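Worksheet for the structure shown next.
By convention here, the first residue in the shown sequence is residue 1. Keep in mind that this is a model prediction, so the values were computed, not measured.
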Amino acid sequence: MQQAVAVVKSSSDYHTNGEWVITDARHDSTANAYHSTVPCLAGSTRRIVGICSISRPEHRIAQTREVECTRVVLPQVIARGLNVTEVAHDNQVQVKTYVCEELGLLNSYDTWHGTKNVAKELRKICRGTVCSRDVTWFTQLSDKARKTKVHLYWCMKNCNGNPDDLRAKIMNISKHFQGSHFGCQQESPCRVPGYKPHTVLLTNPDAIKVYEKALQRTLIYRYADSYCRCRDTYWIESFNHQLLTYLPKRIHFLSETYKMRMNLAVLDWNENTQRTVTSQRTYPDFRCPDYHHIYNVLISKTYNFVHDIWHMYIERNRESLLPLEDDEGNEMVPVPLGDYEDGDYVIVDDDEDDDNEDGFAFFDED
């Protein structure tokens, strides 16, 4: 992970803006988890720069382990010399309290978690029974639920990191649906002369009032300071998905095995993340046959970390072969092949049929 930190520090924007990181909890089972892990991913390079795992003997309650892991992994990353300025995560109030009050860093919430329930909440004022029409729900709002979610994404992306500007753009959504586009961006299609709206215009004062109150109740409006930077955490969700290759949830692992497999997954991810795109392919959407999805074809994965682990193991355990003695009691020392000359060393293994797979020759120190 120190190499991943060095890659982040080598970027041009790091020295002026620092680095923002992503954290998210991952449990080893769907209920009553034994192991819980919080990886820390660098936002600019998409590499894992820190990771912490806590098991049940260390912390009994699985639901609160995310905060405990975050308290370990963020100081761990900062201790490696990384200038962390912002932490992005899904909507966890306890993590926000720790990040803002104890570490003094910026806090950001994931955009998807902020908008996933918007359409569901707006349906309460978009449809209902006939007797409650224009009382609790309004027909002019019936086509606004899904489009409001799209507008919220646009507001987060174009507010320039200003929470006040984000709230103003959110309230301008109501003006947009009323046909007033003075607050919209100049390059927006609605500012083009002759624009025809794709939704029913809002003209009912009661519907406008209810709709604006619904916009003010959204998480993005209430916590605009945490959504104004428009951070996504889908990269760390991809890492958690890859963990299923090394740590399937249907199998329980002991703590040492769990941590070993977790470290292998980190090495695999850091080596193969953001691979080069070779081409693009399309495949049809079976729910919408006329629509085709586009996905990138990447270069094949590499597993150089396996060779590095084996090389490190050999180098660290070479001394375990010492001392060796021959039949006469002379001490023998292993030497890498190719480092000896004729007449200077005595090779112990002279069996031509037995290959020396470890790559060592032995010589007499005398």
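Around atom NZ of Lys149, more than 12 heavy atoms belonging to other residues, nucleotides or ligands sit under 6.0 Å away. The number of heavy-atom neighbours closer than 6.0 Å to OH of Tyr223, taken from other residues, nucleotides and ligands shown, is 12 or below. The number of heavy atoms from other shown groups lying within 6.0 Å of CD (Glu256) does not exceed 12. Within a 6.0 Å radius of NE2 in His307, other residues, nucleotides and ligands contribute 12 heavy atoms or fewer.
Counting only distance, with no hydrogens or angles, the side chain of Asp28 and the backbone of His252 share no donor-acceptor pair below 3.5 Å. Side-chain N or O atoms of Arg231 include none that pairs as donor or acceptor with a backbone N or O of Ser108 at under 3.5 Å. With Ser238 contributing its side chain and Tyr234 its backbone, the two residues share a donor-acceptor pair below 3.5 Å. Judged purely by atom type and a 3.5 angstrom limit, Arg281 has no side-chain atom pairing as donor or acceptor with the backbone of Ile294. Between the Thr115 side chain and the Thr111 main chain, a donor and an acceptor come within less than 3.5 Å of each other. Side chain of Asp225 to main chain of Pro163: no donor-acceptor pair is present (N/O by atom type, distance under 3.5 Å, no hydrogens or angles). Counting only distance, with no hydrogens or angles, the side chain of Arg275 and the backbone of Ile299 share a donor-acceptor pair below 3.5 Å. Listed for the Asn162 side chain is a donor-acceptor partner under 3.5 Å among the backbone atoms of Asp164.
Side-chain contact check for Ser226 and Asn107: at least one donor-acceptor pair (N or O, by modelled atom type) lies under 3.5 Å. No side-chain donor-acceptor contact under 3.5 Å links Asn204 and Gln140. When only modelled atom types and interatomic distance are considered, Thr148 and Tyr211 share a side-chain donor-acceptor pair under 3.5 Å. In this model, a donor atom of one side chain and an acceptor atom of the other lie less than 3.5 Å apart for Asp268 and Asn272. No side-chain donor-acceptor contact under 3.5 Å links Thr139 and Ser142. Between the side chains of Thr64 and Glu68, no donor N or O sits under 3.5 Å from an acceptor N or O.
Salt bridge status for Lys124 with Glu121: present, with a side-chain N to carboxylate O gap under 4.0 Å. Salt bridge status for Glu271 with Lys301: absent, with no side-chain N to carboxylate O gap under 4.0 Å.
Tyr34 and Leu247 are not part of a single hydrophobic cluster, where members link through side-chain heavy atoms under 4.5 Å apart. Linking ILVMFWY side-chain heavy atoms closer than 4.5 Å, directly or via other members, places Ile173 and Ile125 in a single hydrophobic cluster.
Looking at Cys40 and Ile48, their side chains never come closer than 4.5 Å, going by heavy atoms from C-beta outward. Between Asn240 and Pro39, some side-chain heavy-atom pair lies under the 4.5 Å cut-off. Between Gln92 and Val67 the shortest side-chain heavy-atom distance does not fall below 4.5 Å. Looking only at side-chain heavy atoms (C-beta outward), His176 and His181 come within less than 4.5 Å of each other. Looking at heavy atoms from C-beta onward, Ile220 lies out of side-chain contact with Leu215 at the 4.5 angstrom threshold. The shortest side-chain heavy-atom distance between Val21 and Val87 falls under the 4.5 Å cut-off. Between Leu105 and Thr85 the shortest side-chain heavy-atom distance does not fall below 4.5 Å. Here the side chains of Phe253 and Met260 are not in contact, with every heavy-atom distance at 4.5 Å or above.
Ring orientation note: the planes of Tyr195 and His198 are nearly perpendicular, at an angle over 60° on the 30°/60° scale.
Not counting sequence neighbours, Arg80 has no partner by the salt bridge (Lys or Arg N to Asp or Glu O under 4.0 Å) test. Taking Tyr221 as the reference, nothing meets the side chain to side chain donor-acceptor pair (under 3.5 Å) condition, with sequence neighbours excluded.
Tested against Ile51, the residues Thr37, Thr23, Val72, Leu41 include a single side-chain contact (heavy atoms from CB on, under 4.5 Å) partner, Thr37.
When all heavy atoms of Trp112 and Tyr153 are compared, the closest pair comes out as CA-OH, 3.5 Å. Contact detail for Ala207 and Leu141: the closest heavy-atom pair is O-CD1, 3.9 Å. Heavy atoms only, all atoms of each residue included: Val38 and Cys69 are closest at CG2-CB, 3.3 Å. Listed here is the closest heavy atom pair of Ala265 and Leu243: CB-CD2, 3.3 Å. Summarising the geometry of Ala33 relative to Arg65, their closest heavy-atom pair is O-NH1, 2.9 Å, with the distance given to 0.1 Å. For the residue pair Arg47 and Asn270, the shortest heavy atom distance occurs at NE-O, 3.3 Å.
Note that CE of Met262 and SG of Cys52 are 10.0 Å apart. Values are rounded to the nearest 0.5 Å.
Identified under the side chain to side chain donor-acceptor pair (under 3.5 Å) test for residues 1-22, with sequence neighbours left out: Glu19-Ser44. Evaluation of the salt bridge (Lys or Arg N to Asp or Glu O under 4.0 Å) test over residues 96-118, restricted to residues two or more places apart or in two chains, returns Arg71-Glu102. Legend: ring pair (Phe, Tyr, Trp, His ring centres under 6.0 Å) pairs involving residues 254-275, not counting sequence neighbours, sorted by first then second residue: His35-Tyr258, Phe239-Trp269. Applying the salt bridge (Lys or Arg N to Asp or Glu O under 4.0 Å) rule to pairs touching residues 203-224 yields nothing, sequence neighbours excluded.
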Q.
Does Arg229 form a side chain to side chain contact (heavy atoms under 4.5 Å, CB included) with Tyr109? I'd like the steps, not just the answer.
A. CA-CA 9 Å; Arg229 286 170 289 276; Tyr109 287 151; over 6 Å; no
Q: Using the side chain to side chain contact (heavy atoms under 4.5 Å, CB included) rule, take Leu219 and Val118 through it: C-alpha gap first, then chi angles, then the decisive distance, then the call.
A: CA-CA 9 Å; Leu219 292 173; Val118 169; over 6 Å; no
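The side-chain tip of Lys144 points at the ring of Phe177 from less than 6.0 angstrom away and within 45° of straight on.
Taking the six-membered ring for Trp, His292 and Tyr283 have ring centres at least 6.0 Å apart.
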